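First comes the structure, then the notes that go with it.
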Amino acid sequence: MLVPLLGIGFLGAGAFVFHKRRGNRGSDQYVLEVKRPWSRRLVQGEKTIEVRKYELPRNLIGRPIEILETRGSAIVSKVPDIVDPSSEECDDLNLVLAGTITVSGCKEYKTEAEFNADAELHLASNSEYAWKAGTKCFGW
């Protein structure tokens with residue numbers, strides 16, 4: 001079931017696309033932007049490794065992370081740091097929370113062979129997120 005996005009605030013800098021929002025009980029909840037259809041595949045367990053150019057912050061290992069489904073072809077986030085849930089901007093961005101995942105670890109792919117060995121888990125080999133020599137690549 002998709003849940004409408006509530007107010008979020010940005011956590012991190014640069015390439016990080018984690019957001020943090022205040023949960024119902026006052027605790028922080030973490031939200032990760034993932035483009036559709038990858039968002040659904042993660043939540044449904046079809047995709048079990050998320051590929052990024054940065055390491056997962058250690059404090060998020062083992063914690064629930066909500067998946068913010070975004071659309072479009074841009075690799076760089078177009079979601080502003082703060083989204084007002086009642087604004088037209090939120091509607092225009094067509095943002096939804098697709099579900100929640102928990103990441104059990106993070107590893108760096110140091111070779112293309114290592115990356116390709118996990119192809120059935122990350123589903124990224126034939127996408128814009130595929131292995132690129134000279135670029136850091138992490139699987140969570």
Side-chain angles (χ1 to χ4, degrees):
M1 178 173 90
L2 298 178
V3 180
L5 177 68
L6 303 174
I8 56 177
F10 187 66
L11 169 72
F16 284 83
V17 288
F18 272 100
H19 298 270
K20 184 168 88 171
R21 70 182 179 121
R22 188 63 59 192
N24 292 340
R25 297 185 183 139
S27 63
D28 290 335
Q29 294 176 316
Y30 294 90
V31 182
L32 175 68
E33 289 182 46
V34 181
K35 285 195 295 189
R36 188 175 185 179
W38 312 115
S39 56
R40 307 267 172 118
R41 291 178 177 158
L42 267 174
V43 170
Q44 294 169 355
E46 177 186 343
K47 175 180 167 68
T48 57
I49 294 179
E50 174 64 2
V51 175
R52 296 286 168 142
K53 293 180 181 179
Y54 55 90
E55 212 170 339
L56 178 73
R58 294 193 196 291
N59 66 318
L60 296 183
I61 292 174
R63 292 190 64 177
I65 300 170
E66 293 179 271
I67 301 301
L68 175 62
E69 181 176 283
T70 59
R71 296 183 184 177
S73 59
I75 291 179
V76 177
S77 173
K78 293 191 178 200
V79 178
D81 293 351
I82 302 293
V83 177
D84 178 352
S86 63
S87 71
E88 269 187 39
E89 178 183 44
C90 191
D91 291 338
D92 291 344
L93 291 170
N94 205 10
L95 302 174
V96 293
L97 291 173
T100 303
I101 64 167
T102 302
V103 179
S104 61
C106 180
K107 66 179 174 180
E108 182 175 3
Y109 292 111
K110 295 186 179 189
T111 67
E112 187 172 7
E114 287 178 2
F115 181 82
N116 290 335
D118 284 345
E120 291 183 15
L121 303 175
H122 57 61
L123 307 176
S125 294
N126 296 316
S127 75
E128 66 253 44
Y129 305 104
W131 172 265
K132 290 179 185 73
T135 302
K136 288 196 175 250
C137 184
F138 295 89
W140 334 327

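These numbers were taken from a predicted model, which means no experiment stands behind them.
A continuous path of Ile, Leu, Val, Met, Phe, Trp and Tyr side chains, each step under 4.5 Å between heavy atoms, connects Ile61 with Val34, placing both in one hydrophobic cluster. Criterion: ILVMFWY side-chain heavy atoms under 4.5 Å apart, direct or through other members. Under it, Val43 and Val51 are not part of a common hydrophobic cluster.
Glu46 pairs by the salt bridge (charged side-chain N to carboxylate O under 4.0 Å, His left out) definition with Arg41, not counting sequence neighbours. For Lys107, the side-chain hydrogen bond (donor to acceptor under 3.5 Å, both in side chains) test picks out Asp118, with sequence neighbours left out.
Using a 4.5 Å heavy-atom threshold, the side chains of Leu32 and Arg52 count as touching. Residues Trp38 and Leu123 form a side-chain contact, since some pair of their non-hydrogen atoms from C-beta on lies under 4.5 Å apart. Looking at Glu69 and Leu42, their side chains never come closer than 4.5 Å, going by heavy atoms from C-beta outward. Residues Glu108 and Glu55 fail the side-chain proximity criterion, which asks for heavy atoms closer than 4.5 Å.
Between atom CD of residue Glu50 and atom CD1 of residue Ile67 there is a gap of 7.0 Å, rounded to the nearest 0.5 Å. If you take NE2 on His122 and CZ on Phe138, they are separated by 14.5 Å, rounding to the nearest 0.5 Å. With values rounded to the nearest 0.5 angstrom, Lys47 atom NZ is found 10.5 Å from Ser39 atom OG.
Using bins of under 30°, 30° to 60° and over 60° for the plane-to-plane angle, the ring pair Phe115/Trp131 lands in the tilted bin.
Closest heavy-atom contact between Asn116 and Ser125: OD1-OG, 4.0 Å.
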Could you give me the CA-CA distance, side-chain angles and deciding distance for Ile49 and Tyr109, then say whether side chain to side chain contact (heavy atoms under 4.5 Å, CB included) is met? CA-CA 12 Å; Ile49 294 179; Tyr109 292 111; 3.6 Å; yes

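Under a cut-off of 6.0 angstrom, the local environment of CD in Glu114 is crowded, with over 12 non-hydrogen atoms contributed by other residues, nucleotides or ligands.
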